[in-house]
Amino acid sequence: MFLNALEKQNPALIDAAVHFWRNGAIKPDCYVIDVDLVLENARLLQECAEKLGLSLYLMSKQFGRNPLLCQLLLKQGYQGIVAVDFKEARQLWQQGLPIAHIGHLVQTPVNMIDEAIAQRPEVITVYSVEKAQQISTAALRQNHRQALLLKVQDKGDVVYPGQEAGFLLAELPDVINKISRMAGVEIIGVTHFPCMLFNEQRQTTEATPNLTTLARAKNLLEQQGIEVRQMNAASATCIETLPKLAAAGVTHTEPGHALTGTQPANQYGGGPEKIAMLYLSEISHGQDNISFCYGGGYYRRGHLQNALVLDGQWQRCRVLPIDSDSIDYTLPLAGRWPVSSPVIMCFRTQVFVTRSDVALISGIQMGNPQLLGVFDSLGNDLARSHHG
């Protein structure tokens, strides 16, 4: 999906990935990240958001909850991390990193609520009155009043399978009434997902009905006398969408793919954010007129179509259809390629749902690549020692 954009925007990342693969520092099934370019993408996003009066929470699941990359981004001024689920929160807390927002796509389990509140997140999202009550009870034990966002939805909204959740607009007044009586929590805003999606036909990122629902929910809260300090609209956050979000009254949003330049709007390499991540593999074997490279990093929604194989020089080949009912031990490529040739791909991913490694490299754009570390897909440091 992003192979053309990678070749256009960041060919030096390909060279650096192959260099460290050749010397054995990184292995196949590895996402390789250009740290400096991620930080530059982050800076551009932040600059744009500040001009528009938007606050950005950093999303880390796309690049494997990587603690080192999170630290570098926070140093640059991001005000906190959004944890998409409680396991991400646990991982980042263990690394001493601040979670600003927890509970949106996955609620905080009852036995983790005390720990969550002890970390003092800016907001916790809830979509049941029972969860709000659990948080209130735990907060009171800690002499704390926890700020909440209400996740909302309405009929006709875009909701992905496995993410069915949110208070319906019709029930909001009753929900607000119940939660407002709880002494340990305070409703400060609303959130929804996905509020923006890329339109392939029009080649532009547009608002979904969810953004209208979010605005209506904000009005309902205000009618109930609540000061709405946060209107959080997630999904497809990038420089293209920030002005549209600001115009809709959004206060907070959560860039993820834009940090690595892998948002759909950049598939042809025309976006201000540059491609800063690729997938490295290696030819394992061949059979008939098909070669197989090591898998482990396949993501079903990744629109993976093509690969580059180094056979004397870089050759482009098709990635053959992948059976999503099976485990991606290997990925099939059209043609016979020499065993142990390096393979480069670039597609939309969510590293935290893969088995891949993640390699962080700095200095690529200055012609002096340094491997900062190799991690697993959940952000654990694999080496505990750094290579030069």
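Only a predicted model underlies this, so the values are computations on that prediction, with no experimental measurement involved.
Side-chain contact check for Val358 versus Val374: every heavy-atom pair is 4.5 Å or farther apart. A heavy-atom distance below 4.5 Å is found between the side chains of Ile102 and Thr108. For the pair Tyr78/Cys70, no side-chain contact is recorded, criterion being any heavy-atom separation below 4.5 Å from C-beta on. Proximity of Met1 to Pro264: side-chain heavy atoms (C-beta onward) are separated by under 4.5 Å at one or more points. Contact annotation: the side chain of Met345 approaches that of Leu333 to within less than 4.5 Å [non-hydrogen atoms, C-beta and beyond]. Side-chain atoms of Glu47 and Arg43, non-hydrogen and from C-beta on, do get closer than 4.5 Å to each other. Contact check for Gln79 versus Glu122: side-chain heavy atoms found under the 4.5 Å cut-off. Contact of the Leu360 side chain with the Leu69 side chain is registered, since non-hydrogen atoms from C-beta on lie closer than 4.5 Å.
Of the inter-residue distances, the one linking Ile179 atom CD1 with Lys131 atom NZ reads 12.5 Å to the nearest 0.5 angstrom. Between Gln134 atom CD and Ile117 atom CD1 the span is 10.0 Å, to the nearest 0.5 Å. Here CD of Glu186 is found 9.0 Å from CD1 of Ile226. Values are rounded to the nearest 0.5 Å. In this structure, the separation between OG1 on Thr330 and CD1 on Ile290 is 10.0 Å, given to the nearest 0.5 Å. A distance of 9.5 Å separates CG in Asp15 from CG in Asn10, rounded to the nearest 0.5 Å. Annotation: the span from Leu52 atom CG to Cys48 atom SG amounts to 5.0 Å, rounded to 0.5 Å.
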task: Please test Leu331 against Ser281 for side chain to side chain contact (heavy atoms under 4.5 Å, CB included), starting from the C-alpha separation and ending with a verdict.
output: CA-CA 9 Å; Leu331 301 175; Ser281 188; over 6 Å; no

| request: Evaluate the side chain to side chain contact (heavy atoms under 4.5 Å, CB included) criterion for residues Val152 and Leu172: first the C-alpha distance (whole Å), next the side-chain angles of each, then the deciding distance (0.1 Å), finally the verdict. | output: CA-CA 8 Å; Val152 295; Leu172 260 188; 4.1 Å; yes

Problem - Audit row: Lys274, Asp34, salt bridge (charged side-chain N to carboxylate O under 4.0 Å, His left out) steps and yes/no - result: CA-CA 10 Å; Lys274 304 284 191 289; Asp34 180 337; over 6 Å; no

* Checking side chain to side chain contact (heavy atoms under 4.5 Å, CB included) for the pair Leu280/Ile344: CA distance, chi angles, key distance, verdict? -> CA-CA 5 Å; Leu280 172 103; Ile344 299 289; 3.8 Å; yes

What do the steps show when you test Arg229 against Glu227 for side chain to side chain contact (heavy atoms under 4.5 Å, CB included), and what is the final call? CA-CA 6 Å; Arg229 302 202 291 276; Glu227 182 199 348; 3.7 Å; yes

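Between Arg355 and Asp328 there is a salt bridge, since a side-chain N of the basic residue sits under 4.0 Å from a carboxylate O of the acidic one. Salt bridge present: Arg141 and Asp114 bring a charged side-chain N and a carboxylate O closer than 4.0 Å. Under 4.0 Å is where a charged nitrogen must lie from a carboxylate oxygen, and between Asp357 and Lys27 no such pair does.
Shown here for Leu372 and Ser362, the closest heavy-atom pair between the two residues is CD2-OG, 3.6 Å. Of all heavy-atom pairs between Met182 and Ser136, the closest is CB-OG, 3.5 Å. Here the shortest heavy-atom pairing between Leu13 and Met277 reads CD2-N, 3.7 Å. Taking each heavy atom of Leu37 and Ile275 in turn, the nearest pair found is CD2-O, 3.4 Å. Residues Lys61 and Gln350 approach most closely at NZ-OE1, 2.7 Å, considering heavy atoms. Taking every heavy atom of both residues into account, Pro272 and Leu44 meet most closely at O-CD1, 3.8 Å.
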Under 3.5 Å, sequence neighbours excluded: what are the donor-acceptor pairs made by side chains of residues 304-321?
residue : atom : partner : partner atom : Å
Arg316  : NH1  : Asn4    : OD1          : 3.2
Arg316  : NH2  : Asn4    : OD1          : 2.8
Arg316  : NH2  : Glu7    : OE1          : 2.4

What side-chain donor-acceptor pairs closer than 3.5 Å can you find for residues 292-299, not counting sequence neighbours?
residue : atom : partner : partner atom : Å
Tyr299  : OH   : Arg301  : NH1          : 3.3

Please tabulate, one pair per line, all N/O donor-acceptor pairs under 3.5 Å involving side-chain atoms of residues 230-246, not counting sequence neighbours.
residue : atom : partner : partner atom : Å
Gln230  : OE1  : Asn232  : ND2          : 3.2
Gln230  : NE2  : Tyr57   : OH           : 3.2
Asn232  : OD1  : Thr191  : OG1          : 3.4
Asn232  : ND2  : Glu254  : OE2          : 2.9
Ser235  : OG   : Met196  : O            : 2.8
Thr237  : OG1  : Thr253  : OG1          : 2.7
Glu240  : OE1  : Thr205  : OG1          : 2.8
Glu240  : OE2  : Thr204  : OG1          : 3.1
Glu240  : OE2  : Thr205  : N            : 3.0
Thr241  : OG1  : Ala236  : O            : 3.1
Thr241  : OG1  : Cys238  : N            : 2.9
Thr241  : OG1  : Cys238  : O            : 3.1
Lys244  : NZ   : Thr204  : OG1          : 3.4
Lys244  : NZ   : Thr205  : O            : 2.6

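A donor-acceptor pair under 3.5 Å is absent between the side-chain atoms of Ser341 and the main chain of Trp337, judged by distance alone. A donor-acceptor distance shorter than 3.5 angstrom exists from the side chain of Asn266 to the backbone of Glu273, with no hydrogens or angles considered. Ser291 contributes no side-chain N or O that, together with a main-chain N or O of Gly286, makes up a donor-acceptor pair within less than 3.5 Å. Asn41 places a side-chain N or O within 3.5 Å of a backbone atom of Leu259 that can act as its donor or acceptor partner. Proximity of a side-chain donor or acceptor of Gln142 to a complementary backbone N or O of Ala139 within less than 3.5 Å is not detected. In this structure, the side chain of Glu164 engages the main chain of Gly162 through a donor-acceptor pair within 3.5 Å. Side-chain atoms of Thr125 do not come within 3.5 Å of backbone N or O of Gly103 as any donor-acceptor pair. Using a distance-only test at 3.5 Å, with no hydrogens or angles considered, no donor-acceptor pair links the side chain of Asn199 to the main chain of Gln203. A donor-acceptor pair under 3.5 Å is absent between the side-chain atoms of Gln9 and the main chain of Leu6, judged by distance alone. For Thr137 (side chain) and Gln133 (main-chain N/O), a donor-acceptor pair under 3.5 Å exists by modelled atom type.
Heavy atoms from other residues, nucleotides or ligands lying under 6.0 Å from CG of Asn177 number more than 12.
A ring-centre distance under 6.0 Å is not found for Phe167 and Tyr127.
Under a hydrophobic clustering in which Ile, Leu, Val, Met, Phe, Trp and Tyr are joined whenever their side-chain heavy atoms come within less than 4.5 Å, directly or via other members, Leu149 and Leu214 fall into different clusters. Linking Ile, Leu, Val, Met, Phe, Trp and Tyr residues whenever their side-chain heavy atoms come within less than 4.5 Å places Val158 and Val84 in a single cluster. Residues Leu56 and Phe63 share a hydrophobic cluster, clusters being chains of Ile/Leu/Val/Met/Phe/Trp/Tyr side chains in contact below 4.5 Å. Note: the hydrophobic cluster containing Leu68 also contains Ile81 (ILVMFWY, side chain heavy atoms under 4.5 Å, direct or indirect links). Note on Trp21 and Leu382: same hydrophobic cluster, where clusters join Ile, Leu, Val, Met, Phe, Trp and Tyr whose side-chain heavy atoms are under 4.5 Å apart, directly or indirectly.
Between the side chains of Thr213 and Asp157, at least one donor N or O sits under 3.5 Å from an acceptor N or O. Between the side chains of Glu88 and Ser60, at least one donor N or O sits under 3.5 Å from an acceptor N or O.
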